[in-house]
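What follows is a short report on a single structure.
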Amino acid sequence: MSSIAEQLPIRFDFGAVQQRLYQMWQDKGLFHSEPDAAKKPFTIVIPPPNVTGALHLGHALNNTLQDVLIRWRRMQGYNSMWLPGTDHAGIATQAVVEKRIREEEGKSRHELGREQLVNRIWQWKDQYEARILSQLKQLGCSCDWERTRFTLDDVCAKAVRHTFFDLFHKNLVYRGKRLVNWDTFLQTAVSDDEVYNEKVAGHFWHLKYPVIDPQPGEPAFVIVATTRPETMLGDTAVAVHPDPAAALDHAESSLVARLAKAVASEKASLEGELKQLNERRAGMLPQLLQLAQMASAGRQIRLPIVDRAIPLITDEWAKPELGSGCVKITPAHDPNDYDVGLRHSLPQINVLNPDGTLNSVAGRFMGLTIKKGRQQIVEHLEESGLIDSVEDREIELPVSDRSKTPIEQYLADPWFVRMEALAQSAIDAVEGGHVQIIPNRYAHGYVAWLSEKRDWPVSRQLWWGHQIPVWSKKCANDVELQEVNQHVWSLVETDAERAAVQIESASGVEGTVHICLREEGDKLSETLEKLGFVRDQDVLDTWFSSALWTHSTLGWPEHTADLKYYYPTSTLVTSRGIITLWVARMVLMGLNNLGHVPFREVFVHPTILDGFGETMSKSKGNGVDPLDVIEKFGADALRFSMVHLTTETQDVRMPVQFECPHCQTSIEQTHKNRVLARIECPACKKPFATQWARDDADLHLPRGLILSERFEEARNFVNKLWNASRFSLMNLEGYQFTPIDPSQLCLEDRWILSRLTTVTQLVTTEFEHYRFSEVARILYDFTWGEFCSFYLEILKSRMTGGQRNLAQSMLAFTLDRLLRLLHPVMPFVTEEIWQSVNVAAAERGLSSSDPQQPNLIQASWPVPDPTLHDPQVEAQFETFQQALGALRDIRARQNIAPKQPISFCIRCTEEIAAYLSPLSPYFKKMANAEATHIGPQAIPPRVNSTTTLPNLEIIVDLEGLLDVAVEKARLQKEKANIENQIKAKQQKLSNASFVDRAPPDVVQRERDAAKILTDQLESVIKALSGLKQ
RNA sequence: GGGCGGUUAGCUCAGUUGGCUAGAGCAUCUCGCUUACACCGAGAGGGUCGGGGGUUCGAGUCCCUCACCGCCCACCA
């Protein structure tokens, strides 16, 4: 036994190995890349994780795939460069830190001040960035750490400034009005996807607005319905449909259409709706027609409380089938009303302060919270007799995901990026094939989203982020505007690259001058501030800096050597959730800034769902911490699982269990327990902590790890490889490299070489097409099912005597190639084994010795050698496998103890016998069965069991061993099976149209199969009758 | 409401362009501590491929339709 092998533990000790090898790779600088004209680059930029917290299983998947590609291409000889980094994640990060400061110190961000808060967030960032990067390292990611970037660092900041300046200069960025989702608690706008709806019990108030000077016959009041009565303070019109009769007809016909194809369960409610609609038409239509007429006549309404005259207008937004048929228009607090307001040039009256209290518009209600204000306004209206009716109603309340407080619609004037041309360029890039999205179906969503070409609001009312580099000054009149404009031009004229000017003028008389400065720290800002210019307080949307990630990280706008060499990057690996938000914007920004797409291929991987089919998320608490998995199963196992589950589907389920750290009981996850910080084990009744443990009491409990069949399967595979290698090393004692003489090779050698060639070819192709699960499957099956189960088993018999040297050479060579193929997926275990193989068999190869390579990470990716591919050999070996299977089957069925030797003969052609005979020792070794004769003249022993394979009969001597009943049952089952198949075949072949129309080779195949089956049946029948004697 | 994906063994998933008896892992059952591995080895049982219709000599695979699950987008005074 070799001394190396003796030292190896029986189970792969991943904990120790991972750290040591990662350090070794890093110390030797093997992850680092420099531009090298002699090599082709292969570049990936990481989708930068948010610095809000820790990585979850989705990140583990995303980053595993990237590392697999990076390592594979590195081995292929590419200059692989994986650029790591993190994202400042504007609102998410600021919200987390603000919340902590509030909880721990009771201070709001306003008490702390902008500078202080930003400092505190930087501290947080440093801590979490370190944690995230460490997680990536534990996963084995071979990132070029020297190039680590952060979306808010100086390099990225410069790119952001230059890009914004450029867009500003080209008039692709402008300031506009827009309703934003306003979080009154955090006092910031939040994006749509940070808002969720909650169903709450509310009311639907029908308010009476008096008509000013009603004509005879006209109603004294117009009734409007609302769930938000306090917003009436900001009403600037009441709308009615211009043609209510037609609108009602239309509503009816669409209801009728739905009813026609409705299933029974829906019918009743649709019929109810239809009935209601018709009642409404009868009751309200005359009134609505009248109101529409009054609106055209320019009739006005007196808005109660604020006592303001507002117009009655016609607009199709007012649906006669809803509410009272009339709708109050509040442009400053409702997106639809905002659009109506634009169509009718209505004023926009904001009624709220940023903290959500009513502002001065509310008069005596000023300063009240929305809730209180609503209450008092309703009371007041009631007293004035202006409430027609109140209904109870379930309403959808928008809630901020960050603060869990209700969202208000709030009028702001953010900066927008004009998307028309930029979006088109990104559409063209994908439609023209310059960027390929894989799987291709995701290209549809990408194009559809961009096709809307909606301008991109980029202002965020936050402190954490890239502050917008625009200084503005309001000018009260034309003269001042001209003056300021002249002055600024005189300052800027000398250098148009330094500053750009936009004039925003609504009336042509008054307006605002905006100046954008390109460079951070430009002294011009001081001059401007002295002139009364004020810098915009907002920061840019996080996606603005993320959109530049592929080139800002490489040093753009400087013309760096990195940029020239690595841009465009090769592949982007991402999840489908951010194809529009991120991928699309990277494409258009790359095109805008560099005139070239940022990457050639985008691989979109599946989303990992929990055992209930729900997406994993922090708020649900169903996420899995990859470090738990690494601790329990090892990084290689986690990686293999991730690769194995990456199919082309869009989701994949990962049911997990907790493992009790006290008694190792596996505890199913439920909706309830998965969010708990501590769980009591149902078996041993002792408590343990989960990843959600936060307070000290919980954190001091032992941690319950995460279990999953998928991880166990992968860990077992890693261990299988480990032990196969241990076995190999044990048998490499005294190994001396000698070139392998092909004429000396046995069938099994040529078989494994052929299989190895096939597998190398397949794996390479599957990698090229991002079919990760196929890669995992092929490697798993080959390693376990062929290399271990057959080749190693056979070699056991060849390790003594004259064959030892050849067997060792073959073993060293095969293992070498296998390790290379597995390395991208399982880097630690393969590198660890490689290092040992280098000691035991430094020189190895086939006809000549391979170049020696101390580290597997640097070794070359195998290239399939077509001369080793031999389908005939593969078929011959398969015959051996089938024969062996038949022997084992009989042993198992007849319940013959493994130690009990049996003997058998095979009846077959001379040709088959010629290649099967040399394999006799392996029947002995692998089935404890002695072949007494192989060939046409085999004579069945008196008591036997026969198995008929397509081209041979295995006849086992069962003298004194045969259980007749069992054997009879087996044969009868076999007979029935074959008869069924024959029946199916005959049916097919007697079908004239099959014989006529199916391709001749298919027909011939059926005929051949039928012939073989008939022979088999005959043989089974013979065996059965023999049994009866 | 629009778009996309899924529904195959008890569970989690494969199944390339339609063509031998639909596969794997786990779980279950039987046997085995055979000197690489019990995180192992040998074997077995288990599926009318979500329902219905169609195209075809032939459908898990293509088309239509329905149902359920999930995701994205839009909208709901």
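Since this is a predicted model, take the numbers as computed values, not measurements. Throughout, a chain's letter reflects where its sequence line sits, starting with A, and its residues are numbered from 1.
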Check your understanding: For RNA chain B, what string of dots and brackets results from 5' to 3' when Watson-Crick and G-U pairs need both distances under 3.5 Å, crossing pairs get [ ], and pairs with another strand get |?
Key -> (((((((..((((.....[...)))).(((((.......))))).....(((((..]....))))))))))))....
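What separates CD of A/Q894 from C1' of B/A44 is a distance of 14 Å, to the nearest Å. Rounded to whole angstrom, the span from the OH atom of A/Y780 across to the C1' atom of B/A14 amounts to 14 Å. Between the CD atom of A/Q1004 and the P atom of B/C20 there is a distance of 16 Å, given to the nearest Å. Atom CG in A/N723 sits about 7 Å away from atom P in B/A38, given to the nearest Å. Between the C1' atom of B/C29 and the CG atom of A/N895 lies a distance of 13 Å, rounded to the nearest Å. In this structure, A/E648 places its CD atom 12 Å from C1' of B/G5, rounding to the nearest Å. Put simply, CD1 on A/I890 is 12 Å from C1' on B/G43, counting in whole angstrom units. A straight line from CG of A/L989 to P of B/G19 spans 18 Å, rounded to a whole angstrom.
The cationic atom of A/K796 (NZ for Lys, CZ for Arg) lies less than 6.0 Å from the six-membered ring centre of A/F727 and within 45° of the ring axis.
The gap from the C1' atom of B/A59 to that of B/G52 amounts to 15 Å, rounded to the nearest Å. Taking the P atom of each, B/G45 and B/U30 are spaced 15 Å apart, rounded to whole Å. Here, B/G53 and B/A9 have their C1' atoms 27 Å apart, quoted to the whole Å. For B/G15 and B/G23, the P atoms lie 15 Å apart once the distance is rounded to whole Å. B/G51 and B/U8 are spaced 10 Å apart, taking the P atom of each and rounding to whole Å. For the P atom pair drawn from B/A38 and B/A44, the interatomic distance equals 24 Å after rounding to whole Å. B/U21 and B/C49 have their C1' atoms separated by 15 Å, given to the nearest Å. Comparing B/C37 with B/G32, their C1' atoms are spaced 15 Å from each other, to the whole Å.
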**Study point:** Candidate pair A/D781 and A/E786, rule side-chain contact (heavy atoms from CB on, under 4.5 Å), full reasoning
**Key:** CA-CA 7 Å; A/D781 289 348; A/E786 299 186 304; over 6 Å; no
Review point. Given the rule in the side chain to side chain donor-acceptor pair (under 3.5 Å) test, do A/K924 and A/S797 qualify, once you have shown the distances and angles that lead to the verdict?
Key: CA-CA 10 Å; A/K924 178 75 191 155; A/S797 317; over 6 Å; no
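Among the protein residues, A/R771 comes within range of no part of the nucleic acid, since none of its heavy atoms lies under 4.0 Å from any strand. Here A/K973 lies in heavy-atom contact (under 4.0 Å) with sugar-phosphate atoms only. As judged by a 4.0 angstrom heavy-atom cut-off over every strand, A/R228 is placed among residues making no nucleic acid contact. Across all strands, A/A724 comes closer than 4.0 Å to base atoms (heavy-atom distances). A/R970 comes within 4.0 angstrom of nothing in the nucleic acid, heavy atoms only. As judged by a 4.0 angstrom heavy-atom cut-off over every strand, A/T647 is placed among residues touching the sugar-phosphate backbone only. As judged by a 4.0 angstrom heavy-atom cut-off over every strand, A/E712 is placed among residues making no nucleic acid contact. In this structure, A/R441 reaches the sugar-phosphate backbone alone: every heavy-atom distance under 4.0 Å involves primed, P, OP1 or OP2 atoms, never a base. A/K796 comes within contact range of at least one nucleobase, with a heavy-atom separation under 4.0 Å. Base engagement by A/E793 is indicated by at least one non-hydrogen atom pair under 4.0 Å involving a base atom.
The residue among A/T227 and A/A984 whose nearest nucleotide of RNA chain B is located toward the 5' end is A/A984. Mapped onto RNA chain B by nearest heavy atom, A/L884 and A/Q1016 fall at different nucleotides, with A/Q1016 at the one closer to the 5' end.
Listed nucleotides: B/C39, B/G25, B/U12. Nearest to the side chain of A/R710: B/U12. Among the nucleotides B/C33, B/G19, B/A36, the one closest to the side chain of A/V1002 is B/G19. Distance from the side chain of A/R1005 is smallest for B/G19 among the nucleotides B/G19, B/A36, B/U21. Distances were taken from every side-chain heavy atom of A/L609 (C-beta onward) to each of B/G70, B/U21, B/A36; the shortest belongs to B/G70.
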Within the sub-3.5 Å range, which N or O atoms of nucleotides 58-64 of chain B have a protein N or O partner, and how far apart are they?
none

Measure all distances between protein nitrogen or oxygen atoms and nitrogen or oxygen atoms of nucleotides 40-42 of chain B, and list the pairs falling under 3.5 Å.
residue : atom : partner : partner atom : Å
B/C40   : OP1  : A/N716  : ND2          : 3.4
B/C40   : O3'  : A/K720  : NZ           : 3.2
B/G41   : OP1  : A/K720  : NZ           : 3.0
B/G41   : OP1  : A/W784  : NE1          : 2.3

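Taken to the nearest 0.5 Å, the SG atom of A/C326 stands 12.0 Å off from the CG atom of A/L207. Distance check: A/T947 OG1 to A/R893 CZ gives 9.5 Å after rounding to the nearest 0.5 Å. Rounding to the nearest 0.5 Å places CD1 of A/I608 at 5.5 Å from CE of A/M654. Going from atom CD of A/E832 over to atom CZ of A/F14 covers 13.5 Å, rounded to the nearest 0.5 Å.
Side chain of A/T330 to backbone of A/A332: no donor-acceptor contact under 3.5 angstrom is found. A donor-acceptor distance shorter than 3.5 angstrom exists from the side chain of A/N719 to the backbone of A/F12, with no hydrogens or angles considered. Side-chain atoms of A/S641 do not come within 3.5 Å of backbone N or O of A/A714 as any donor-acceptor pair. Side-chain atoms of A/H333 come within 3.5 Å of backbone atoms of A/V351 as a donor-acceptor pair (strictly under, hydrogens ignored). Panel note: side chain A/H644, backbone A/S773; no donor-acceptor pair is recorded below 3.5 Å.
The local environment of NZ in A/K975 is sparse, with at most 12 non-hydrogen atoms from other residues, nucleotides or ligands closer than 6.0 Å.
On a pure distance criterion of 3.5 Å, a polar donor-acceptor pair joins the side chain of A/Q981 and the base of B/U21. Side-chain N/O atoms of A/E713 and base N/O atoms of B/A24 include no donor-acceptor pair closer than 3.5 Å.
In this model, a donor atom of one side chain and an acceptor atom of the other lie less than 3.5 Å apart for A/E967 and A/S945.
At B/A14, none of the side-chain N or O atoms of A/S773 fall inside 4.0 Å of OP1 or OP2 (strictly under the cut-off).
In this structure, the ring of A/H206 has its center less than 6.0 angstrom from the ring center of A/F204.
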